[in-house]
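Worksheet for the structure shown next.
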Amino acid sequence: MAKNKIIVVGGGLSGLMATLKICEAGGEVDLFSYCPVKRSHSLCAQGGINACMDTKGEHDSIYEHFDDTVYGGDFLADQLAVKGMVEAAPKLIKMFDRMGVPFTRTPEGVLDLRNFGGQKNKRTCFAGSTTGQQLLYALDEQVRRWEVKGGVTKYEFWEFVKIFKDKNGVCRGIIAQSMNSMEIKAFKADVVILATGGPGQVFGRCTASTICNGSAVSAVYQQGAKIANPEFIQIHPTAIPGSDKNRLMSEACRGEGGRVWVYRDGKPWYFLEDMYPAYGNLVPRDVASRAIFKVCVHMDLGINHDRRVYLDLSHIPADYLERKLGGIIEIYTEFVGKDPRKVPMEIFPSVHYSMGGIYVDRKHFTNIPGLMASGECDHQYHGANRLGANSLLSAAYSGTVSGPEAMKWAKENVSKLCEITDAEIEAARKEVQDEYDKIRQMNGPENAHKLHQEMGEIMYEYVSIERDNNGLDICLGKLKEILKRWENIGVTDHGNWANQEAMFVRQLRNMIIYAMAITKSARSRDESRGAHAKIMLDENGKRIEKDGELQFYPRNDEKFMFTSVVSFDAATEEPVVTYEEFEHSLIKARPRNYAVAKKE
């Protein structure tokens with residue numbers, strides 16, 4: 001009997017976990033990746049993975065992790081999905097431990113835990129400051145066992161371009177392109193799982209790898225898959241600003257005792273500790289980012305009046321820092337040329353993660369039958385703001401759900417599907433080939449990389465830490481212009497071997513369309529919730545201030561405690577935003593305030 005064939009696109013934590021689970025259930029996997037699997041963006045996660053292990057005697061509980069996640073996400077996460085994730089977390093840690101992940105331990109040999117933002121208890125397991133890399137390598141090793149047995153075929157350096165569907169609209173496989181020979185091929189499958197990560201490059205400079213461009217998500221969105229909550233973009237409070245990209249300084253720095261400050265009246269001002277006494281430097285990322293932005297931009301107290309503040313580790317013993325944060329210290333020393341053990345680091349918030357993504361149900365199915373999504377490219381687990389160290393957890397956990405569910409769906413449905421002919425598949429492949437050939441011949445005056453830079457700048461200006469409706473309208477107008485200008489791009493490489501330029505031009509179009517979905521969704525949500533902070537305007541379109549403070553829309557549960565769902569209108573190439581109910585009955589919504597402890 002033929003085995004079920006599943007295509008997994010993306011070789012990060014979620015894609016590898018799904019692959020492993022499919023193989024264990026008796027399926028075969030074609031695994032597609034932009035880059036060598038071991039270079040997937042999951043390896044960039046530094047600080048840790050959350051799980052209630054309670055090795056510190058703090059009486060931590062799974063319910064507390066559940067509540068922190070829902071509260072941190074400003075009550076917009078599907079609570080049943082989150083409950084499943086936090087309950088599975090300790091088992092996942094034990095599984096990774098058995099796989100050989102070198103988790104940092106106490107001198108007694110017990111799993112060490114550290115603090116992370118938005119959580120009063122220590123519940124972040126870590127492997128020094130290279131946790132993502134260690135988890136990724138462990139899963140890669142497990143998947144290689146199946147590869148040797150013939151259960152997995154890896155297609156590294158292949159780019160996913162599109163899915164193809166049968167006449168009933170069921171996803172039956174993908175069209176992909178070799179990044180070396182540029183050959184475009186169709187690959188059939190019983191189910192396709194996208195695990196392609198976030199869209200950080202839509203904002204240009206960010207903490208994400210250059211491969212995190214959201215192109216795959218945008219491609220299936222244009223083919224009818226819905227996107228949910230795209231307006232919720234996480235800005236990480238502590239990154240090194242760079243001319244090429246922004247480099248993450250992990251939340252682990254604050255978890256291990258790092259303090260954020262600037263000079264005020266000639267003295268260090270530890271403003272997070274002043275503003276949020278209960279959590280101090282361990283407030284969630286959206287709260288910390290807005291505080292830093294306010295101090296630098298509205299109060300003009302940044303270092304040398306620049307957009308930077310200090311993140312100080314210099315008061316912590318050097319050997320302790322080396323053991324707990326060695327990799328992070330190395331990155332800062334390498335790129336800035338200063339030693340964080342001796343002088344405070346200079347940091348500023350940067351786009352880091354997307355809480356939104358492809359709209360999926362709790363089994364990770366999209367609205368297109370036969371197409372699934374898991375990892376950062378789905379919308380499920382974080383609501384309006386993600387807690388630090390929940391990303392590795394949601395990636396690993398979502399793979400344990402999507403893999404088995406893909407197999408189950410294939411076994412139940414494949415025999416009932418209509419026949420898809422070779423001619424239909426070839427027609428889908430030919431369409432992609434024609435589009436690519438057209439891009440290769442483009443010879444207009446526009447430069448694709450300059451357009452990308454321009455898009456990133458307007459997204460940062462209008463759709464990042466603080467937003468208002470005027471700016472969002474301007475941004476939408478400019479994105480439409482950039483989409484028109486895309487038609488006039490000129491490519492300098494017309495060749496047909498390893499043509500990265502032509503591929504980038506195709507990805508850029510997808511990024512612009514994704515940017516429009518993010519912006520329209522933000523424009524439609526007239527409230528402040530989590531990472532989406534919207535400033536109120538008066539009837540003349542001026543920002544409203546009271547006692548020198550900008551006035552933000554309050555959270556509006558009655559009108560906006562819904563998932564934003566964005567569909568693509570193929571006729572106008574515009575996003576259409578609607579709102580859907582989600583499960584939020586387990587923990588009742590309450591005001592979110594990190595100046596006091598949750599119980600108070």
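Values below: all heavy atoms of this structure, side chains included; hydrogens, waters and symmetry mates excluded.
Heavy atoms only, all atoms of each residue included: V161 and A219 are closest at O-CB, 3.4 Å.
Cation-pi contact between K38 and Y137: present, with separation from the ring centre below 6.0 Å and deviation from the ring axis of at most 45°.
The distance from atom CG of L13 to atom CD1 of I49, rounded to the nearest 0.5 Å, is 7.0 Å. Residue E159 holds its CD atom at 4.0 Å from OH of Y34, rounded to the nearest 0.5 Å. Here H41 contributes atom NE2 and S391 contributes atom OG; the two are 8.5 Å apart, rounded to the nearest 0.5 Å. Atom NE2 in H584 sits 4.5 Å away from atom CE in M561 (nearest 0.5 Å). Taken to the nearest 0.5 Å, the NZ atom of K94 stands 9.0 Å off from the CZ atom of R98. Here N390 contributes atom CG and T69 contributes atom OG1; the two are 4.0 Å apart, rounded to the nearest 0.5 Å.
The salt bridge (charged side-chain N to carboxylate O under 4.0 Å, His left out) check on E330 picks up nothing, with sequence neighbours excluded. The side-chain hydrogen bond (donor to acceptor under 3.5 Å, both in side chains) test applied to R509 returns E573, not counting sequence neighbours. With sequence neighbours excluded, the residues forming a side-chain hydrogen bond (donor to acceptor under 3.5 Å, both in side chains) with S178 are S181, listed by chain and number.
Between T130 and Q46, every side-chain heavy-atom pair lies at or beyond the 4.5 Å cut-off.
A salt bridge links D78 to R362: at least one charged side-chain nitrogen sits closer than 4.0 Å to a carboxylate oxygen. Comment: E527 does not engage R555 in a salt bridge, judged by the lack of any side-chain N to carboxylate O separation of less than 4.0 angstrom. The pair R285-E251 counts as a salt bridge, with a side-chain nitrogen and a carboxylate oxygen less than 4.0 angstrom apart. Salt bridge annotation for R205-D244: absent, with no cationic side-chain nitrogen under 4.0 angstrom from a carboxylate oxygen. Between R145 and E141 there is no salt bridge, since no side-chain nitrogen of the basic residue lies less than 4.0 Å from a carboxylate oxygen of the acidic one.
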- Residue pair W409, K363: steps toward the side-chain contact (heavy atoms from CB on, under 4.5 Å) verdict: CA-CA 10 Å; W409 191 91; K363 294 178 178 177; over 6 Å; no
- Task: Could you please spell out the steps behind the side chain to side chain donor-acceptor pair (under 3.5 Å) verdict for T207 and H352?
- Result: CA-CA 5 Å; T207 63; H352 177 62; 2.7 Å; yes
- Message: Checking Y359 against F365 for the ring-ring contact (aromatic ring centres under 6.0 Å, His included) test, could you report, in this order, the C-alpha distance in whole Å, the side-chain angles of both residues, the deciding distance, and whether it holds?
- Response: CA-CA 8 Å; Y359 191 38; F365 285 98; over 10 Å; no
- Message: Would R525 and H532 count as a side chain to side chain donor-acceptor pair (under 3.5 Å) here? Give the steps.
- Response: CA-CA 9 Å; R525 187 177 282 274; H532 174 70; 5.4 Å; no
- Task: Evaluate the criterion side chain to side chain donor-acceptor pair (under 3.5 Å) for residue pair H236 and S289; output intermediate values, then yes/no.
- Result: CA-CA 7 Å; H236 197 292; S289 294; over 6 Å; no
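Under 3.5 Å, the side chains of H364 and S398 contain no donor-acceptor pair of N or O atoms.
Using the six-membered ring where Trp is involved, F32 and Y155 have ring planes that are parallel, under 30° apart on the 30 and 60° scheme. Between F504 and H449, the angle of the ring planes stays under 30°, which puts this pair in the parallel group of the 30/60° scheme.
With R114 contributing its side chain and G47 its backbone, the two residues share a donor-acceptor pair below 3.5 Å. No donor-acceptor pair closer than 3.5 Å links the side chain of H452 to the backbone N or O of M511.
Among V191, L31, T19, the single residue meeting the side chain to side chain contact (heavy atoms under 4.5 Å, CB included) criterion with I6 is V191.
Counting heavy-atom neighbours within 6.0 Å of K520 NZ, excluding the residue itself, gives a total above 12.
Remark: aromatic rings of F232 and H379 are distant, center separation not under 6.0 Å.
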